[in-house]
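What follows is a single structure, written as structure tokens, with notes after it.
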Amino acid sequence: MNYRTAFQQALDTPETFWAEQARDLAWFQPPSRILDHLDDGTHRWFADGTLNTCYLALDHQIEQGRGDQPALIYDSPVTDTRAVFTFHELLARVEELAGALSRLGVAKGDGVVIYLPMVPEAAIAMLACARLGAVHSVVFGGFAAHELAIRVDDAKPKVVLTASCGIEVDRVIDYTPLVDGALKRANHKVDHVLLLQREQKPADLDTLGFLDWQSTVAGSEPAPPVAVAATDPLYIMYTSGTTGKPKGIVRDNGGHAVAMRYVCREALGLKAGDVWWASSDVGWVVGHSLIVYGPLLSGCTTVLYEGKPVKTPDAGAFWRVVEDYGVNALFAAPTAFRAIRKEDPDGKLFARYDTASLKCIFVAGEKLDTPTYTWLNQLTGRPVFDNWWQTETGWPVTAPCTGMGETEVRMGSTNRAVPGYQVVVLSPEGEPLPANTEGDIALRLPLPPGCAQTLWNDHERYLSAYLQTHPGYYHSGDGGYLDEDGFVYIMGRTDDVINVSGHRLSTGIMEEHIATHPAVAESAVVGMHDEVCGEVPVGLFVIKDGAFDDTDDPAPALEKELVALIREQVGAVARFRRALLVKRLPKTRSGKTLRAALRKMVNGQDFPLPSTIDDPAILDEIATTLVAENLITRPGRPQ
Ligand code: AMP
């Protein structure tokens, strides 16, 4: 089917279109009900179908003769380790862990939190949960104890799966104080913690009261796959919203499996037996969809890489992995290529490797800037395909449908909607806008299979965050426009969410933490452009009257304390490095902080003077501080 036909069919007759795609899966009980419309505007796909996602990813692949094909390749330059697991071997490990979890009391519907570095056990843990019908929630290893505790309290896991440490370029991160600290802070009490010992920093299990992974799991009775309803949750993935409380995105089993098969084949162009590498982390949605579930459900070999684009050991690392494993397609965030470009602008390291197997490169997670695109495309001679999606959707909303022969690239565009999605641009009043006019990017309902239809324990918040802004549409929180041919151009978030190296973070949560400092009266955190990370947060804060005497300048010490505070509370992932003391923050007359104006100022972009501003002189004061603190030489000014 060509793109036009598929797009039109999915639009006109979504039930017929997706029923056809669903036939591609080995269901236990194929669905007869394809799409249910609920009164609250949400939808359910394949409600009476039953399946098991782990069975589809492993057992079913073996049944089709792929047992001896590599399923997962582990490449870890930080520990100098490589390992290959065939589908047979991966299944054996998953069945064994599932058996152990079952013995520990984990059953269908129970929560399991996974806090692991990029080791094979992370993928094994996810699949083992899926096998039991348990709901996993992977928390990114860069998150601090406080963030982990919030997720434990929300997901209420029976078991936490973790490791003794994570390994970064230049240091070993002891996970035990993070996990122990989080579990002590959390109100919810977990039954067991299973810890994977790593030789770089073994943990003292007796003191912690955690179970040893190896000895607990070894020899466990292999667990069979449990049939779950298509609408049962496969996982919860926490992502940043505009408030301090993360949103627990819920992914179903049936819609997800159908969507994974569809997008891997039609957009990413994957075929069974291909070697696919998504250089991300299992702690993010890309890690779920494109390291673990998508490629395995498609019968591909997936690469799990515990390293960085640079410094492990150098900027040739990506190309080395491509050569070593014959990678056919690579997926990464633009920040990875910006880092490589910075260290190897002329591609000297690229030239050292044989990358003949590589057919194309996919990038997503943040805006792909033209210089990075051009550099990567020219260096590699491969097409570079930008695609846009969110934790909520779980799979690309816009992408070139390479499996249908669609390979056009338009500079600055994340391509057209994948069949099943209807992307529209709306005015603040909800009116559809004409081509080339910027507005809110929204998706007309129903969302296709696989997209989140609720938030864990908070359906009301799902409705208010996504469905109430523009009735009849899903509100993406991104701004942008469409051209006359339906190519989508994403300009960035319209809310207080920033994107640091492709990681989505709430500025609100950083402000909440800053507010806990005894000297701080209030603050505003905004995203500032950064050459490598795309965006980094910058804090502006006001101190309480009388917090210090007039003689000393408290700013430098406070900046250090606030930087340490965010590192401690949110984690290194936030890259919070600057906090500037200002006298006042710009406010509307109703008292709202004008963050949009501050964002423009720190990014050197002029802006219309907000009509609601209470005292425009504050903007001059702030501009003076930004220059004096060497943040920017020419701050954006009101015009
Ligand atoms: P996350 O939920 O962490 O995957 O972050 C999703 C957000 O990342 C989106 O709402 C966008 O703001 C941004 N994003 C993802 N992919 C792209 C892309 N290809 N171009 C521009 N922004 C993107």
Side-chain angles (χ1 to χ4, degrees), residues 138-140 142-143 147 235-242 246-251 263 267-268 278 280-291 294 331-338 361-370 372-373 376 384-400 409-418 421 423 438 440-443 447 450-452 455 462 465-466 469 474-482 487-507 509 527 529 533-535 573-574 599:
V138 185
V139 178
F140 176 61
F143 278 122
E147 290 294 313
Y235 67 79
I236 311 167
M237 166 100 260
Y238 288 94
T239 189
S240 299
T242 50
K247 295 172 177 164
I249 302 299
V250 179
R251 188 82 55 222
V263 75
L268 308 179
S280 178
D281 190 285
V282 287
W284 308 118
V285 70
V286 174
H288 285 55
S289 298
L290 296 187
I291 297 177
F331 185 111
T335 185
F337 295 110
R338 287 197 294 267
I361 298 170
F362 291 91
V363 291
E366 53 168 331
K367 201 162 173 53
L368 173 64
D369 52 292
T370 306
T372 304
Y373 166 79
L376 184 60
V384 176
F385 296 127
D386 194 357
N387 55 111
W388 168 70
W389 42 308
Q390 307 182 304
T391 305
E392 290 82 346
T393 67
W395 55 288
V397 178
T398 72
V409 167
R410 290 194 188 177
M411 205 65 84
S413 169
T414 63
N415 223 280
R416 286 179 293 187
V418 176
Y421 287 106
V423 181
E438 215 177 304
D440 288 350
I441 303 266
L443 306 177
L447 293 172
C451 297
L455 295 178
Y462 177 89
Y466 302 112
T469 313
Y474 165 88
H475 173 67
S476 75
D478 281 339
Y481 63 94
L482 286 159
F487 280 72
V488 176
Y489 297 75
I490 301 291
M491 306 309 286
R493 300 288 304 186
T494 54
D495 55 19
D496 294 324
V497 173
I498 60 170
N499 195 314
V500 181
S501 302
H503 305 155
R504 185 166 139 187
L505 295 162
S506 150
T507 53
I509 196 165
H529 174 74
C533 299
E535 257 184 315
V573 64
R599 197 181 311 134

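Only a predicted model underlies this, so the values are computations on that prediction, with no experimental measurement involved. Below, each value reflects all heavy atoms present in this structure, side chains not excepted, and no hydrogens, waters or symmetry copies. Both counts, for ligands and for their atoms, begin at 1 and track the order of listing.
Inclusion of Arg493 in the set of residues having an N or O under 3.5 Å from an N or O of ligand 1 is warranted. Residue-to-ligand polar distances keep Ala364 apart from ligand 1: every N/O pair is separated by 3.5 Å or more.
Aromatic pair Tyr421/Trp395: ring centres closer than 6.0 Å.
Every atom of ligand 1 is numbered from 1 in the order shown, and the set under 4.0 Å from a heavy atom of Thr391 is 1 (P), 2 (O), 3 (O), 4 (O). Close contacts of ligand 1 with Lys367, meaning ligand atoms under 4.0 Å from a residue heavy atom, involve 20 (N), 21 (C), 22 (N). Of all atoms in ligand 1, listed by their number and element, those nearer than 4.0 Å to a heavy atom of Asp478 are 9 (C), 10 (O), 11 (C), 12 (O). Atom numbering of ligand 1 starts at 1 in the shown order; those under 4.0 Å from a heavy atom of Asn499 are 8 (O), 13 (C). Near Asn387, meaning under 4.0 Å from any of its heavy atoms, are these atoms of ligand 1: 16 (N), 18 (C), 19 (N).
Between the side chains of Trp388 and Asp478, at least one donor N or O lies within less than 3.5 Å of an accepting N or O.
Evaluation of the ring-ring contact (aromatic ring centres under 6.0 Å, His included) rule for Tyr481 yields Tyr489 as partners, not counting sequence neighbours. Residues forming a ring-ring contact (aromatic ring centres under 6.0 Å, His included) with Phe331 (at least two apart in sequence, or on another chain): none.
Looking at heavy atoms from C-beta onward, Arg504 lies in side-chain contact with Thr391 at the 4.5 angstrom threshold.
Arg504 CB, 3.3 Å is the protein heavy atom nearest to atom 3 (O) of ligand 1. Of the protein's non-hydrogen atoms, Trp389 O, 3.6 Å is the one closest to atom 6 (C) of ligand 1. Among protein heavy atoms, the minimum distance from atom 18 (C) of ligand 1 is reached at Glu366 O, 3.3 Å.
Ring geometry, Tyr462 versus Tyr466: the interplanar angle falls from 30° to 60°, so the pair is classed tilted.
Contact between Gly477 and ligand 1 is absent, with no heavy atom of the residue lying under 4.0 Å from the ligand.
Scanning both residues, Ile249 and Glu392, for their nearest heavy atoms gives CD1-CG, 3.5 Å.
The pair Arg338-Glu366 counts as a salt bridge, with a side-chain nitrogen and a carboxylate oxygen less than 4.0 angstrom apart.
The heavy atom nearest to atom 16 (N) of ligand 1, out of those in Gly365, Ala333, Gly480, Ser280, is found in Gly365.
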